[in-house]
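Below: one structure, written as structure tokens.
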Amino acid sequence: MLPLAELHLHIEGTLESDLLVTLARRNDVPLPTYDPAELTARYADFADLQAFLDVYYANLAVLRTEQDFFDLATAYLTRAAAAGVRRAEIFCDPQTHLRNGVPLEVVFGGLGSALAEARANGLSADLIVCFLRDLGGEAAEELLRAALPFREHFIGVGLDSAEVGYPPRLFEAAYGIAAAEGLHRVAHAGEEGGPEYVREALDVLGVERIDHGFRALEDPDLVVRLREERVPLTVCPLSNVALKGVPRIEEHPLRAMLELGLVATINSDDPAYFGGGVQENVAAVRTALGLTDDDLAVLARNSFGAAFIGDEERARGLAEVAAWRRSTAG
Ligand code: ADE
Ligand code: ZN
């Protein structure tokens with residue numbers, strides 16, 4: 001199996017229907033149905049990003065206790081390790097949980113314990129705290145200040161949720177604080193928003209990676225810049241199709257990104273909602289775009305190159321990719 005680093009994964013988006021029902025029963029939270037298959041069937045046709053987010057946020061009401069967050073993250077980490085993930089950089093949305101009355105110590109306590117256990121089992125993993133962009137810049141600053149006492153639990157900040165109408169510049173102050181704290185910085189941009197969102201995330205927020213970013217391809221000058229500055233793009237093919245950013249997987253621009261020399265990586269975004277984890281994403285583009293083993297090795301190498309890890313861990317990941325490529329050459 002292709003070894004890689006997964007760099008774009010929302011822990012809340014890994015809440016599979018079985019666990020959703022278990023947690024709803026455990027915490028006495030009502031669901032529209034308690035049949036996991038029926039819940040999953042409802043994810044078949046999202047009109048757009050907002051339609052997905054409405055379901056995603058509603059489901060998160062079942063997460064109440066440290067144990068719930070531990071169970072959620074442990075389920076993902078176990079699946080990821082079995083799917084060739086060697087390094088996971090995991091987004092979390094604390095503002096959602098605060099809105100549901102769940103304090104930060106519960107969120108970080110549960111997720112932190114799960115990550116510690118995964119590390120003890122050989123999977124490298126860290127958290128990136130995301131700001132919900134539709135709550136605005138002041139709320140982002142407020143969240144970051146409240147999260148700083150839990151600084152040992154996260155390595156960076158990100159920006160997610162509804163994109164259009166919430167440009168990166170609204171978050172300049174929050175990202176300034178993050179930079180001063182030595183935190184890594186990434187942001188969703190160019191998913192529903194145009195190339196100007198990508199440009200602004202780079203120029204105003206100083207991000208080190210762009211999450212999604214496929215709409216950058218509409219701007220040739222920006223493409224040149226992304227290539228020259230080797231800005232990684234964390235691409236999520238099944239998500240892009242599920243949320244109608246790309247009409248069909250056969251039309252996904254991932255192959256074009258590779259041909260343009262962009263540092264693309266492959267990721268699952270919200271695997272419980274979009275048809276599978278990172279290996280399902282790999283399989284989908286491999287078939288639909290006719291990617292070769294060399295292309296997959298480039299994507300995997302890019303993932304270790306773009307990960308927030310030390311030189312030794314990076315070298316180990318790259319060596320594993322080389323070994324995988326040799327094993328498929330036979
Ligand atoms: N939150 C979870 N998944 C997201 C996505 N694909 N875009 C924006 N916010 C998200
Ligand atoms: Zn995302």
Regarding Asp211 and Thr234, is there a side-chain donor-to-acceptor distance under 3.5 Å anywhere? yes

Atom CZ of Arg169 with >12 non-hydrogen neighbours under 6.0 angstrom: no

Show the nearest heavy-atom pair for residues Leu170 and Gly165, with the distance to one decimal. CD1-O, 4.5 Å

Could you grab the distance from atom CG of Leu260 to atom CG of Leu226, nearest 0.5 Å is fine? 10.0 Å

If you measure only the distance, is there a donor-acceptor pair under 3.5 Å linking the side chains of Ser268 and Glu6? yes

Measuring from Glu251:CD to Leu289:CG, what's the distance to the nearest 0.5 Å? 10.5 Å

Closest approach of Thr40 to Ser17 (non-hydrogen atoms, all atoms of both residues): OG1-OG, 2.7 Å

Measure the acute angle between the ring planes of Phe52 and Tyr273, then classify it against the limits of 30° and 60° as parallel, tilted or perpendicular. perpendicular

Evaluate whether atom CD of Glu250 has more than 12 neighbouring non-hydrogen atoms of other residues, nucleotides or ligands under 6.0 angstrom away. yes

Got Val263 and Arg209 here, is their nearest side-chain heavy-atom distance under 4.5 Å? no

For the atom pair CZ (Arg86) and OG (Ser303), what is the distance rounded to the nearest 0.5 Å? 10.5 Å

Qualifying residue for salt bridge (charged side-chain N to carboxylate O under 4.0 Å, His left out) with Asp294, from Arg325, Arg286, Arg301: Arg325

Is it true that, when you exclude Glu312 itself, more than 12 heavy atoms of the residues, nucleotides or ligands shown sit nearer than 6.0 Å to its CD? no

Criterion side-chain hydrogen bond (donor to acceptor under 3.5 Å, both in side chains) on Ser113 and Glu66, from CA distance to verdict: CA-CA 9 Å; Ser113 304; Glu66 252 189 68; 4.6 Å; no

Does Asn121, at its CG atom, have more than 12 non-hydrogen atoms belonging to other residues, nucleotides or ligands within less than 6.0 Å? yes

Any Lys/Arg nitrogen of Arg145 or Glu141 sitting under 4.0 Å from an Asp/Glu carboxylate oxygen of the other? yes

Donor-acceptor pair, Arg151 side chain versus Phe154 backbone, under 3.5 Å? yes

Could you tell me whether Lys244 and Asp45 make a salt bridge, using a distance below 4.0 angstrom between a side-chain N and a carboxylate O? yes

Cation-pi, Phe171 ring and Arg185 (6.0 angstrom, 45 degrees): no

Do Arg215 and Glu163 meet the salt-bridge criterion of a basic N to acidic O distance under 4.0 Å? no

Taking the basic N atoms (NZ, or NE/NH1/NH2) and the acidic carboxylate oxygens, is any pair closer than 4.0 Å for Asp35 and Arg42? no

Less than 4.0 angstrom from a charged side-chain N to a carboxylate O is my criterion; do Arg87 and Asp126 meet it? yes

